[in-house]
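The next block holds one structure in the form of structure tokens; read it before the comments.
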Amino acid sequence: MNNYVINALDKRSHISKEIYGHFSEHLGRCIYEGLYVGEDSPIPNVRGLRKDVVEALRDMGIPVLRWPGGCFADEYHWKDGVGKKENRKKMINTHWGGVLEDNSFGTHEFLDLCQQLGCEPYINGNVGSGTVQEMSEWVEYMTFDGVSPMADWRKANGRQEPWRVKYFAVGNENWGCGGNMRPEYYADEFRRYQTYARNYGDNRLFRVACGPNADDYTWTRVLMERAGQYMDGLSLHYYTVPGDWKQKGPATGFDKAAWYRTLKKGLYMEELLTRHGAIMDSYDPAKRVALVVDEWGAWYDVEPGTNPGFLYQQNSMRDAALAALTLNLFNHHSDRVRMANLAQTVNVLQSVILTDGAEMLLTPTYHVFRLFKPHQDGTLLGTSLETDRVGQGEDSFAQLSESASMDESGRITLTMANLSADAPAQVSASLVGFRASAAKASLLHAPFNAFNSFEDKERVRPVDFTDFSLEGDRLRFTLPACGIVAFTLEP
Ligand code: AHR
């Protein structure tokens, strides 16, 4: 028996909806084909943006979208992507497959996409190969309301009103593809670049500095010490790779050992959040600076026969479990983690959507984001859990992953994942300071390596879950192996 307690009187941090954010890079078929097909496409679109994908992402509750990279961001020159499409410069996407980038998707198209999605844009500026002036003018182009060279150019390009852009990153992975910088050097560069990324009118930028690669704690220390006062957020990148970077392992057709190894590696996120958070606390005890996990997710070998530079991979129940445990961790660390962006929205890495021509499917990861949606902007509740261990040897861990939050109307959302590949979990949950008048639940459940294909798009999908008992302050249920459940408890 797994004993679980939700204390409704123990109200903790606000869960920023941006924790449920996504990332879209000019990489493979994420932007082109996945999100943008162009106005002349036979695929139904609004100003070139795929209707089916936009509708699905809206329904999932996408709160924020990061663009244009990734490594692409530090090679991207925004001026090449505005104005008449036929005049836009063409370039080779050297990072990702060496394909031609025609810049037909640029600033106007991205901000239109965010408007159609009803989400916040999160723009990543170029430090690695761009100038301070170029970054400064991009902010002016997007947000200045008045007469200025960039605002006038924006108007000439068809957009009168400025956009509101809040989230703005100053470089990406500047310890690697963004310029191979040392932390001391980047800290100074960040201070300089962010100075000229101005707040115009009532637009207030939330400036995100490039943070560490996984467990590079020195990077966090140096950035916080030298530039902490100039930033609103510090990023963190961590990918879950079951094998090593040369042989990552397949996205499907894996065995139970790979299930446990992958989830164990995913759970390493807990240590990263705790240790980077502790360093940040020592410089910023008031937690003013957010930890922004703007790249996370599973990274496998590409699907056989696809371009290795396109990072196209399938998505199974293992990805769903990884998403569930990671989102539960983010909820638990929401006092510091105030944004996160899964890599990457469509057709790249751990996507929520896959497309094939005019066809589209929702991955198991999509359904997890849909189930967890009610946590967005909720208040984290204190919980405790006694649970069994599952897995083998080094790859063993707690069977259940959980988090609970309360919304403004007093409704509780409980999300729980059973991380065992084959054993169900009996759960007895007691509710402190809360009597539930009613409960409903949805369950995502399938064998550990099941996935949705274009031949069987609905293999993995959520169903109503009614196999529970609710008596006053006690909720009992059996969560099947690999099951992910979301309960709504009415006050
Ligand atoms: O998401 C793919 C790549 O991973 C991004 O471009 C880069 O930032 C990271 O290394």
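Each ligand, and each atom within it, is numbered from 1 in the order the structure gives.
In Leu349, the part holding a heavy atom less than 4.0 Å from any atom of ligand 1 is the side chain. For Tyr239, every heavy-atom contact with ligand 1 shorter than 4.0 Å involves the side chain, none the backbone. Residue His95 does not touch ligand 1, judged by heavy-atom distances below 4.0 Å. Only side-chain heavy atoms of Trp96 come within less than 4.0 Å of ligand 1; its backbone N, CA, C and O stay farther off.
Cysteine sulfur proximity is satisfied for Cys71 and Cys177, their SG distance being under 2.5 angstrom.
Of the candidates Phe72, Phe110, Tyr141, Phe105, Tyr141 is the only one forming a ring pair (Phe, Tyr, Trp, His ring centres under 6.0 Å) with Trp78.
Between His108 and Trp163, the ring center distance clears the sub-6.0 Å criterion.
Side-chain atoms of Asn347 come within 3.5 Å of backbone N or O of Thr355 as a donor-acceptor pair.
Here's the thing with His237: none of its N/O atoms is less than 3.5 angstrom from an N/O atom of ligand 1.
Applying the ring-ring contact (aromatic ring centres under 6.0 Å, His included) test to residues at least two apart or on different chains, the pairs with a partner in residues 330-354 are Trp296-Phe330.
Among all protein heavy atoms, the one lying closest to atom 10 (O) of ligand 1 is Glu173 OE1, 2.8 Å. Protein heavy atom nearest atom 7 (C) of ligand 1, with residue, atom name and distance: Glu295 OE1, 3.3 Å.
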Please test Glu120 against Lys17 for salt bridge (charged side-chain N to carboxylate O under 4.0 Å, His left out), starting from the C-alpha separation and ending with a verdict. CA-CA 10 Å; Glu120 293 277 349; Lys17 63 177 190 305; 5.1 Å; no
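Every residue meeting the side-chain contact (heavy atoms from CB on, under 4.5 Å) condition with Asp284, not counting sequence neighbours, appears here in chain and number order: Met224, Ala286, Arg288, Val289, Arg336.
Taking every non-hydrogen atom of Gln344 and a distance limit under 4.0 Å, the qualifying atoms of ligand 1 come out as 1 (O), 2 (C). Proximity to Cys71 (heavy-atom distance under 4.0 Å) selects the following atoms of ligand 1: 5 (C), 6 (O), 7 (C), 8 (O). Ligand-side atoms of ligand 1 in range of Asn172: 8 (O), range being under 4.0 angstrom from any heavy atom. Each of the following atoms of ligand 1 lies closer than 4.0 Å to a heavy atom of Gly70: 5 (C), 6 (O), 8 (O).
For Phe23, the closest heavy-atom approach to ligand 1 falls below 4.0 Å.
Taking the six-membered ring for Trp and thresholds of 30 and 60 degrees, Tyr36 and Tyr32 have ring planes more than 60 degrees apart, a perpendicular arrangement.
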